A.B. asks: 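The structure under discussion is supplied below as structure tokens; questions concerning it will follow.
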Amino acid sequence: MVKQLLLGLALCGAMVLSATEGVSDMAVQLFGKEAAGKRVEKGAVFIDGLYVKAPYSVSREGNVILINGQIASRFKVESAVAGAMATAREAAKNDPAMQGGEVSDEAGATLGSDDTPTLDAAAKGTKASGGKKPSALEAKIAKQYAGGTGLDAKLAAQKKAKELKEASSKGAFNESSAGTNDPMALFEEADYTYTPPSKPEPPAVPYVRPAAKASFAEIAAKNKARAEEVAAKAAAAAAGEAEDAESEEIATEDFENLSEEEIAAITKKAADRRALLEKLLEADTLVLLSSNTSAAKTQKKPVMQRFVVSLEKLCSAASADALVKQWGKAIPASYLRKIYDNRESNAPEMKTLLLRVNREVKEAKDRSSRRL
């Protein structure tokens with residue numbers, strides 16, 4: 001009897017130390033574990049489109065969040081060194097030299113690349129300077145006499161500049177009035193006589209905005225078109241969010257080269273997510289999770305109630321189009337299709353939730369009618 005008791009204790013200890021199926025033992029050793037703080041009776045949780053029945057117990061093992069012992073969320077584990085090595089490997093794939101490609105004899109350039117640039121004659125130097133680069137003084141002198149034949153060209157340029165300066169200092173204003181005593185000799189008398197226009201100006205017409213000329217039907221049609229455009233933009237934005245959710249990267253795990261800071265950061269991130277999910281469920285929130293990624297989508301209690309009440313009718317349709325049309329702006333379309341695909345499994349599990357939500361909605365309506 002004692003041996004059986006000791007064997008049972010040993011098995012229990014082994015079960016505590018071992019990780020849950022789907023959770024890495026290395027992740028548990030590095031990031032630790034967290035037990036559920038409490039059991040939450042509220043909220044609604046879907047994992048990969050499958051409804052999880054309350055009460056909820058949110059725990060953590062390594063980089064994985066579990067709800068009622070089921071994997072609900074997983075964080076990516078990768079060191080910065082591993083990421084840099086992966087980037088270097090991708091760069092090496094596009095480098096012919098790294099792949100053993102042929103290299104030309106010209107300055108180590110790869111065949112097919114641009115020609116190696118060469119220095120010009122001025123940079124190499126001239127024979128007069130002994131093959132060296134000309135000095136600053138030599139460059140200045142060469143620049144001064146570049147457009148002439150020597151000292152004569154320089155003197156001619158100075159003489160021309162002097163003549164231009166003297167001519168500009170004299171001026172030419174009122175030169176034609178020299179020798180006359182009339183100060184108004186250069187000024188003509190202005191003609192101030194009024195000349196009527198050949199044609200009379202047209203009468204002024206008040207400006208009326210085009211929008212004011214439109215009829216009520218035209219204005220209503222324009223407002224409707226504007227509203228449809230806004231709705232189309234909102235639908236496009238929702239579709240973009242759905243695409244982002246669909247392209248969420250699967251959380252991979254690589255425990256090599258992890259630093260202490262990276263281990264601490266991943267541990268904190270996972271611990272904060274566990275505490276947040278527990279808090280959201282206490283607030284009666286709709287929580288949508290994916291077991292392969294860290295993606296999460298939440299909606300507050302009023303939206304959760306409307307979604308749960310409408311789900312049974314929408315899932316009874318022939319396709320998921322009605323469900324996506326009604327809830328595609330609040331929830332990613334890809335996740336709504338997962339819920340629709342699991343409708344037969346979700347229906348019996350959601351009976352208790354549906355009864356609770358209907359009761360709470362009825363009580364809220366009764367309270368509102370009493371206040372009125």
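In this text the structure is predicted, and so the values were computed from the model without any measurement.
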A.B. asks: With a 4.5 Å limit on heavy-atom distance, are the side chains of L289 and I67 in contact?
C.D. replies: yes

A.B. asks: Side chains of N346 and R343: is there a donor and an acceptor less than 3.5 Å apart?
C.D. replies: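 Judged by distance alone, the side chains do not pair up.
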
A.B. asks: Could you grab the distance from atom CD1 of I71 to atom OG of S290, nearest 0.5 Å is fine?
C.D. replies: 11.0 Å

A.B. asks: From the options L30, D254, I266, select the one residue that forms a side-chain contact (heavy atoms from CB on, under 4.5 Å) with V77.
C.D. replies: I266

A.B. asks: Roughly how far apart are D48 CG and S291 OG, rounded to 0.5 Å?
C.D. replies: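 Between atom CG of D48 and atom OG of S291 there are 3.5 Å.
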
A.B. asks: Between M304 and L50, is there a shared hydrophobic cluster once you connect ILVMFWY residues whose side-chain heavy atoms come closer than 4.5 Å?
C.D. replies: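 No, M304 does not connect to L50 through the hydrophobic network.
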
A.B. asks: Decide side-chain contact (heavy atoms from CB on, under 4.5 Å) for K269 and F75; before the verdict, give the C-alpha distance in whole Å, the side-chain angles of both, and the deciding distance to 0.1 Å.
C.D. replies: CA-CA 8 Å; K269 189 184 296 184; F75 289 90; 3.5 Å; yes

A.B. asks: Can you measure from OG1 (T267) to CD (E260) and round to the nearest 0.5 angstrom?
C.D. replies: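 The OG1 atom of T267 sits 11.5 Å away from the CD atom of E260.
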
A.B. asks: Do the side chains of D341 and R337 get close enough for a salt bridge, i.e. N-O under 4.0 angstrom?
C.D. replies: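 The answer is no: the pair does not qualify as a salt bridge.
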
A.B. asks: Answer yes if V287 and V52 sit in the same cluster of Ile, Leu, Val, Met, Phe, Trp and Tyr residues linked by side chain heavy atoms under 4.5 Å apart, and no otherwise.
C.D. replies: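 V287 clusters together with V52.
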
A.B. asks: Kindly determine whether F46 and K297 satisfy side-chain contact (heavy atoms from CB on, under 4.5 Å), including the steps that lead there.
C.D. replies: CA-CA 10 Å; F46 287 84; K297 182 72 175 178; over 6 Å; no

A.B. asks: Between atom CG of L336 and atom CG of L314, what is the distance when rounded to the nearest 0.5 Å?
C.D. replies: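 Those atoms lie 9.5 Å apart.
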
A.B. asks: What verdict does the salt bridge (charged side-chain N to carboxylate O under 4.0 Å, His left out) test give for E278 and R274, after you've listed the backbone C-alpha separation in whole Å, the side-chain angles of each residue and the deciding distance to 0.1 Å?
C.D. replies: CA-CA 6 Å; E278 199 171 72; R274 190 212 67 81; 3.2 Å; yes

A.B. asks: If we check side-chain hydrogen bond (donor to acceptor under 3.5 Å, both in side chains) with N63, which of these qualifies: E253, R273, K76?
C.D. replies: E253

A.B. asks: As an exercise, state the distance from CG of L323 to CD1 of I331, rounded to the nearest 0.5 Å.
C.D. replies: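 Reported to 0.5 Å precision, the distance equals 7.5 Å.
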
A.B. asks: Please enumerate all residues that pass ring-ring contact (aromatic ring centres under 6.0 Å, His included) together with Y335, with sequence neighbours excluded.
C.D. replies: none

A.B. asks: So Y56 and L277, do their side chains get closer than 4.5 Å, heavy atoms only?
C.D. replies: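 Result no, sub-4.5 Å side-chain heavy-atom pair not found.
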
A.B. asks: Any side-chain heavy-atom pair from W327 and V303 closer than 4.5 angstrom?
C.D. replies: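 The answer is yes; the side chains approach within 4.5 Å.
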
A.B. asks: State whether R356 and E360 are salt-bridged, where the test is any N-O pair (Lys NZ or Arg NE/NH1/NH2 against Asp/Glu carboxylate O) under 4.0 Å.
C.D. replies: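 Yes, R356 and E360 are salt-bridged.
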
